[in-house]
Amino acid sequence: MRVPGLRGGVRVQLRYLLDREGLLGPLMLLPAIIYILALVGFPLVLAIAYSLSDVTAGDTSLDNFVGLDNFSRIIKRPEFRRALQNTILFVVVSQVLIIVLATTLAQILSQDFRGKAVVRFLIILPWAAPIALGTIAWLWLLDSEFSPIDLILRELHLLGPAGLLGRDAILGTDTNLVWLGRERLTMASVIMVHVWRLLPLSTVILLAALTTIPRDVLDQAEVDGAGFWRTLFQIKIPLILPIMGIAILFGMILTAGDMAVVYNLTRGGPVYYTQVLPTWSFFIGIEGGSLAQGAAVALFLLPLLLVVTILVLRLARRSEVT
Amino acid sequence: MAQENKPRRSIFSWALRKAAWGLALTVATGLLLLAACGDDEEAPPAETPEVAPTVVEVPVEEFPPGTELKLLQWSHFVPQYDKWFDPFAEEWGDDVGVDVTVDHINLADLFPTLTAALAAGEGPTMIELIIAASLFVEGVQDLTDVNEEAQRLFGPQIDTCTANSYLPTTDTWFAFCHGWVPDPGDYNKALWSQVGFPDGPSTWDDLLVGGARIRDELNVPIGLGLSPEIDSEMAARAIIWSYGGSVQDENECVTINSPEVIEAVEYMAELFDKTMTDEVFAWNAASNNQGLIAGELSYILNSISAYRSLQKIDPAASDDIFFVPALTGPRGDQHASAHVWQIYVIPNYVTGAELEAAKAFLLHLTANYNQATFNSELYNFPAFKSTVPQLYETFESTQFGEQPSWLDRDPFGSRPNDKLKEALSTAEDWVTYLGFPGPSSPAASRVYADRVISNMMAQVALGDKTAEEAVAEAEATIEEIFDEWRDKGYVGCT
């Protein structure tokens, strides 16, 4: 290796140092470590410090240690129990839907057909578009009064006073479904929008995973007379399971920490029935001025995500095919 | 204040500038009215009273070179206000040697931005909030001097503004409130006339009876939100106060769990059941405006901004919208919160000439509040009534002679032109504030920010809890919040 401007002896010494794996490895890892410490480690330590103090929006000095007071205060709130339940529901249901749909889409996109490029483009679109823009569009689509989805359902006589064949409409006689005003429908809407948004990421990951399966394995399965379902469940999925685990992990972390969909669609309503921990943390910490309690709410996610991460990584390692 | 020892600028150039402003506004208003009136015989006259010059001239000095004043505020609901405000502030800066910049952001971004600025220890000089400013009391300047100076110059401040800038427990003026916005009932006269209420509802019982008939017979619901957002909070509080209840008493003791509040919650549930639809659980702050403009709601509780929008979109439809004061409860109580307030806070990191410039600008804005009220199309009401005599009283215009007050004859094309008068001229008598009858303390603001009251109402309306259960749950939450701030010394009733 030639380093301009350096004398021969120094150059040789530097080359010797750079050839040492024990030095080169840490050196190349250093930027990533600095990045993680600055953007993940420091905020995490700060959040822990905040949660053990009484800082507010107006006074961020960490001079008053209050122990676990903030945690005990928020646990007493009925919103907390609901937000925790909702967060778990939101993560589990959306991940199940995403993995099922992503596997299906990846399976379709791994085949050759006319218009495949267009379909790929359309599928990736929700991920490429800014999340705020996407959810605002959904806010209009799900509007209580002027929802175009309701309009189409009314035109099809599936909703509203005029049902098919003189009977009541299948979805009720009200003119609107009020997507964001009825408890279960609202939670379903929030999950639906989140699935729409995260589906492309999982699809792309699983599509990449499918392309790593050796062609001769699939050919052998075909020769042995394995049908579609047997090939899918006994060959493809076991082979892509480690990567699928990573897709699930990404999905769960992104879902558990996401506040954009709930914030833009419902702000946690009706009442606090769609509140999740990230939005409640924001409302308490920023809009309510209690940074300490906001941090405490956010930290409830940490052990939850830690357990999930460890489990998924262990699962991925066990199912790795060597 | 420190700047009192500095040399005054030329009174002549000051007067010239004010005269130019008056002329420009007169021309602009004339054009606006010409456009609005058309050929309709009932339209108001094309000529309009000029905006009077400054009520009290505030001594203005040159500030040291390089002095900056960075204002951050919401994008006003009435766009014309921002068009007027920005050059108004910048011209003042040019006159006194201050480099003024004005940034407008979305209403929802005000709290996050102020929180970030306080944490960073740098950012805007002044931030204009519209509610719950006391949440930031620990991080903002004591503005006792400028508040006292304003009262000396302009007379007493209206209570609803004082409550939003003064904390009796610590005897601190933590903000400067220059304006407030009445929150009358906006009703569709054509619909209410058909059910025997041509002048709209005047009591909460009228709203229930008339609203139910309109929904059942004419298929149009009323629109009081039951969602975690600002208008739903204000509606819920108006009902509670008018039923004789409150979140806290004058001494800042929590009083939410009372028979009056339970009665109010039961009323709201019945009102929802008989007059509304599920859509109110999904509303945001703009929803009731949109519903009124679309002709889908017979009554909403809101400022006149929705009506002003409708005037521009569909003048004929706006002719059907009229206003009533706060509705009266079963025992004669009549209260409703202001819609919002205009409250400036100055973070603790602002010092020296920048701080003095900010205070001087507050007095300058207040002195010229007739222009603020006019350019907000009567949305902003003054914190100091003396600064906008044209709003309430007959006044003398140098150009047009004696003129009726703006509430007697709306300069912005209402038909009939006195339709704002009944509701808005009495607003000062019934307007309240967060925390009423106690102060708008940080605890009262936090109860608002956490949407405790609207959620309490909504749970009962949905049938998930009885009124007693919902009120008891809200009480537990509110007591926790009050205890937190009581420990910090900002709330009384120890």
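Residue numbering restarts at 1 for every chain, and letters A, B, ... go by the order of the sequence lines.
The greatest number of non-hydrogen atom pairs below 4.5 Å with chain A, out of B:Arg451, B:Met457, B:Glu480, B:Met456, is found for B:Glu480. Of the listed residues (B:Pro112, B:Ser227, B:Ala108), the one with the most heavy-atom contacts under 4.5 Å to chain A is B:Pro112. In terms of non-hydrogen atom pairs under 4.5 Å with chain B, the most contact-rich of A:Phe282, A:Trp280, A:Tyr273 is A:Tyr273. The most heavy-atom pairs under 4.5 Å with chain A, out of B:Leu118, B:Asp464, B:Thr115, B:Asp278, come from B:Asp278. Considering only heavy-atom pairs separated by less than 4.5 Å from chain B, the leading option among A:Gly285, A:Gly289, A:Ala57 is A:Ala57. Comparing A:Val271, A:Thr60, A:Leu142 by heavy-atom pairs within less than 4.5 Å of chain B, the highest count is held by A:Val271. Ranked by heavy-atom pairs shorter than 4.5 Å toward chain A, the options B:Glu473, B:Glu229, B:Glu138, B:Gln290 are led by B:Glu138. The residue among A:Arg182, A:Arg267, A:Glu183 with the most heavy atom pairs within less than 4.5 Å of chain B is A:Arg182.
A salt bridge does not link B:Lys488 to A:Asp59: none of the charged side-chain nitrogens sits closer than 4.0 Å to a carboxylate oxygen.
Contact annotation for A:Val178: only side-chain heavy atoms (C-beta onward) come within less than 4.5 Å of a heavy atom of chain B. Neither the backbone nor the side chain of B:Leu114 comes within contact range of chain A; no heavy atom of the residue lies under 4.5 Å from a heavy atom of that chain. When heavy atoms are compared at a cutoff of 4.5 Å, B:Asp487 approaches chain A solely by way of its side chain, counted from C-beta outward. Of the atoms belonging to B:Ala294, it is side-chain heavy atoms, and not backbone ones, that fall under 4.5 Å from chain A. Neither the backbone nor the side chain of A:Leu265 comes within contact range of chain B; no heavy atoms are under 4.5 Å apart. Neither the backbone nor the side chain of A:Asp69 comes within less than 4.5 Å of any heavy atom in chain B. Contact annotation for B:Glu296: only side-chain heavy atoms (C-beta onward) come within less than 4.5 Å of a heavy atom of chain A. For B:Gln459, the parts lying under 4.5 angstrom from a heavy atom of chain A are both the backbone and the side chain.
Taking the six-membered ring where tryptophan is involved, the planes of B:Phe111 and B:Phe136 are perpendicular, since the angle between them exceeds 60° and thus also 30°.
Each of A:Arg81, A:Arg82, A:Arg77 was evaluated against A:Glu79; a single residue qualifies, A:Arg77, per the salt bridge (charged side-chain N to carboxylate O under 4.0 Å, His left out) test. Of the candidates A:Asn86, A:Val91, A:Val92, A:Val92 is the only one forming a side-chain contact (heavy atoms from CB on, under 4.5 Å) with A:Ile88.
Proximity of a side-chain donor or acceptor of B:Ser165 to a complementary backbone N or O of B:Phe174 within less than 3.5 Å is not detected. Between the side chain of B:Ser440 and the main chain of B:Leu434, a donor-acceptor pair closer than 3.5 Å is present.
Atom CZ of A:Phe146 has more than 12 neighbouring heavy atoms from other residues, nucleotides or ligands inside a 6.0 Å radius.
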Trace of the side chain to side chain donor-acceptor pair (under 3.5 Å) decision for B:Glu484 with A:Gln293 = CA-CA 11 Å; B:Glu484 273 175 61; A:Gln293 288 183 14; 2.8 Å; yes
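Heavy atoms only, all atoms of each residue included: A:Glu287 and B:Ala449 are closest at O-CB, 3.3 Å. Taking each heavy atom of B:Leu297 and B:Ile300 in turn, the nearest pair found is CD1-CG2, 3.7 Å.
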